[in-house]
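First up is the structure itself, then whatever we jot down about it.
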Amino acid sequence: MYGFEALTFNIHGGYLEAIVRGHRSGLLTASDYNNLCQCETLDDIKMHLSATEYGPYLQNEPSPLHTTTVVEKCTLKLVDEYKHMLCQATEPLSTFLEYITYGYMIDNVVLIVTGTLHERDVQELLEKCHPLGMFDSIATLAVAQNMRELYRLVLVDTPLAPYFSECITSEDLDDMNIEIMRNTLYKAYLEDFYNFCQKLGGATSEIMSDLLAFEADRRAVNITINSIGTELTRDDRRKLYSNFGLLYPYGHEELAISEDIDQVRAVMEKYPPYQSIFAKISYGESQMLDKAFYEEEVKRLCLAFEQQFHYAVFFAYMRLREQEIRNLMWISECVAQNQKSRIHDSVVFIF
Amino acid sequence: MSSSWSRALTQISPYTFASIGIAISIGVSVLGAAWGIYITGSSLIGAAIKAPRITSKNLISVIFCEAVAIYGVIVAIILQTKLESVPSSKIYDPESLRAGYAIFASGIIVGFANLMCGLCVGIIGSSCALSDAQNSTLFVKILVIEIFGSALGLFGVIVACAAHLDHNQIISCC
């Protein structure tokens, strides 16, 4: 019953909720980012990060650092925290936590299939995969020639199996089809996650519905913008949009027929929450759109922490950490390539 | 129908009502206290991993919940001293019935007041632990809310004692 979660939530979820809120207090603040932005070399970044919670992970790295090492170690911290929480969780929290990682699994699958298509070595690709999205038979993805084999050989044993019903075709895998496959899988995953949260009920379903609806709408806009000018037909485009969210169904109809960014803007400005996002970017420009979306997402994720006794804090924490790792990657790249003037283009402050 | 039901209720011995009242006063109070303690305790343990300084201060929340159980014990002991045997001819006298019902009511009053008080203090204590871990200036302010919450248990004890104080002379013959 909504409103009475406080009575029974702490039996199974109280300890983990307190742990995840403790982790949240370790996220980097604006003053940390200011210090990092003023670094001259990657070693300075390492020194500043040693004073934060990333210290133990970066201490033992030898001195000529690469940006990929920084990102890898920070991701390792997130993975350790996630695994600690997952092994302490009971149902339904453990299922909820596993749902969070399916997105990474989809990305890993697409990474390996694309890499194999371009004749890369499987070991090299495996090292680039996100650790939260690993599953046992991932290396055999390199063997598959088309989607049906992909499904039959590897994916039928993974949690991604139910998402494949819409995209099994006998077509060969090429770049376009792989992108369509990625988006179809992600659409099925978001809908599944949404339905799962609705079944959980209470504060979890309310907050997660809002967060997932924003995610679905953001993906719809990105799919539209990226497919303008390609050979993706309108019907195919419409099939990639999820069936929930603020834009469903009328916004999707209008987005499907948009042919340039200004038309997309005209569609989105009819929805007040997205109007403020599009107001920040001037006409004809789409590079800042990603950053505007990230800022809006971070704002909503921080709001999830305002309420106690629900599961959405776990989802919000994972996403905020992801954003922080993106920020660190951008800062490291800018510092390594000596382009510090562009640092503030893409860093989203969380607090 | 109603006349036979009301007669059936009055045929129940007042000892039964009094004993059930005493049982409810201690049992339900302890239920409230335990519920509150586990709600606070699980959050406190998790939050203290990142912020160990909060443990000693936040034990106050657990102590407030425990006080609720103690109220229940005190009232149960007071009530059971009021329970005395009467000769069987006088069991269904109006005074005896009134005494039995009064003890029953006192038990329910203190039991349920303490149940709600324990829950209230427990939930506030959980939020207090989590916010103290983030920002230590918040602790004293949230403590004021908890104090108001624990006053609810005191109201229950006061009313329960008042409900059977008048019957001193009647109960002594009961």
Side-chain angles (χ1 to χ4, degrees), chain A residues 1-29 52-56 77-78 80-90 93 97 202-203 302-314 316-317 320-321 350-351, chain B residues 28-59 61-62 64-65 68 112 114-139 141-142 145-146 149 152:
Chain A
M1 214 188 334
Y2 191 7
F4 290 90
E5 289 107 5
L7 300 179
T8 50
F9 182 85
N10 273 10
I11 301 177
H12 293 297
Y15 173 69
L16 284 174
E17 182 187 3
I19 286 197
V20 87
R21 282 177 186 266
H23 287 321
R24 172 208 185 259
S25 65
L27 286 170
L28 298 178
T29 60
T52 68
E53 302 219 333
Y54 289 111
K77 177 175 194 288
L78 174 60
D80 283 344
E81 290 171 356
Y82 174 79
K83 290 205 169 125
H84 172 75
M85 289 196 290
L86 184 61
C87 68
Q88 306 255 3
T90 62
L93 179 55
L97 287 174
C302 287
L303 284 178
F305 284 92
E306 300 286 310
Q307 209 171 334
Q308 214 181 329
F309 310 120
H310 60 87
Y311 294 146
V313 283
F314 295 96
Y317 171 69
L320 284 174
R321 268 279 178 224
I350 298 181
F351 300 121
Chain B
V28 178
S29 303
V30 167
L31 174 65
W35 205 329
I37 291 180
Y38 92 67
I39 292 180
T40 298
S42 49
S43 294
L44 182 52
I45 291 176
I49 292 182
K50 265 294 162 69
R53 58 183 166 79
I54 68 170
T55 39
S56 28
K57 279 197 294 187
N58 278 279
L59 283 177
S61 310
V62 179
F64 275 133
C65 288
V68 153
F112 286 95
N114 283 339
L115 171 64
M116 290 302 142
C117 171
L119 271 176
C120 167
V121 173
I123 296 177
I124 299 177
S126 154
S127 307
C128 181
L130 293 178
S131 26
D132 189 16
Q134 305 267 350
N135 178 358
S136 43
T137 59
L138 290 174
F139 176 71
K141 304 182 169 103
I142 299 184
I145 305 178
E146 270 190 65
L152 302 174

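Below, read A as the first sequence line, B as the second, and so on, with proteins coming before strands; counting in each chain starts at 1. Given the structure is predicted, the values throughout are model-derived calculations rather than measurements.
- Interface remark: Ile49(B) contributes side-chain atoms only to the contact with chain A (heavy atom separation under 4.5 Å).
- Only the side chain of Phe309(A) comes within contact range of chain B, with at least one heavy atom under 4.5 Å from a heavy atom of that chain.
- For the pair Leu7(A) and Tyr38(B), the tightest heavy-atom approach, listed with the atom from each and the gap, is O-OH, 2.8 Å.
- With rounding to the nearest 0.5 Å, the separation of NE2 in His12(A) from OG in Ser42(B) is 11.0 Å.
- Here CD of Glu17(A) is found 6.0 Å from CG of Leu130(B). Values are rounded to the nearest 0.5 Å.
- Minimum heavy-atom separation, Ser43(B) to Ala18(A): O-CB, 3.3 Å.
- Of the listed residues (Val20(A), Thr8(A), Asn10(A)), the greatest number of heavy-atom pairs within a distance under 4.5 Å of chain B belongs to Asn10(A).
- Listed here is the closest heavy atom pair of Ile19(A) and Gly46(B): CG1-O, 4.0 Å.
- In this structure, no portion of Gln88(A) lies under 4.5 Å from any heavy atom of chain B.
- Heavy atoms only, all atoms of each residue included: Gln134(B) and Ser25(A) are closest at OE1-CB, 3.5 Å.
- Closest heavy-atom contact between Ala6(A) and Ile39(B): O-CD1, 3.6 Å.
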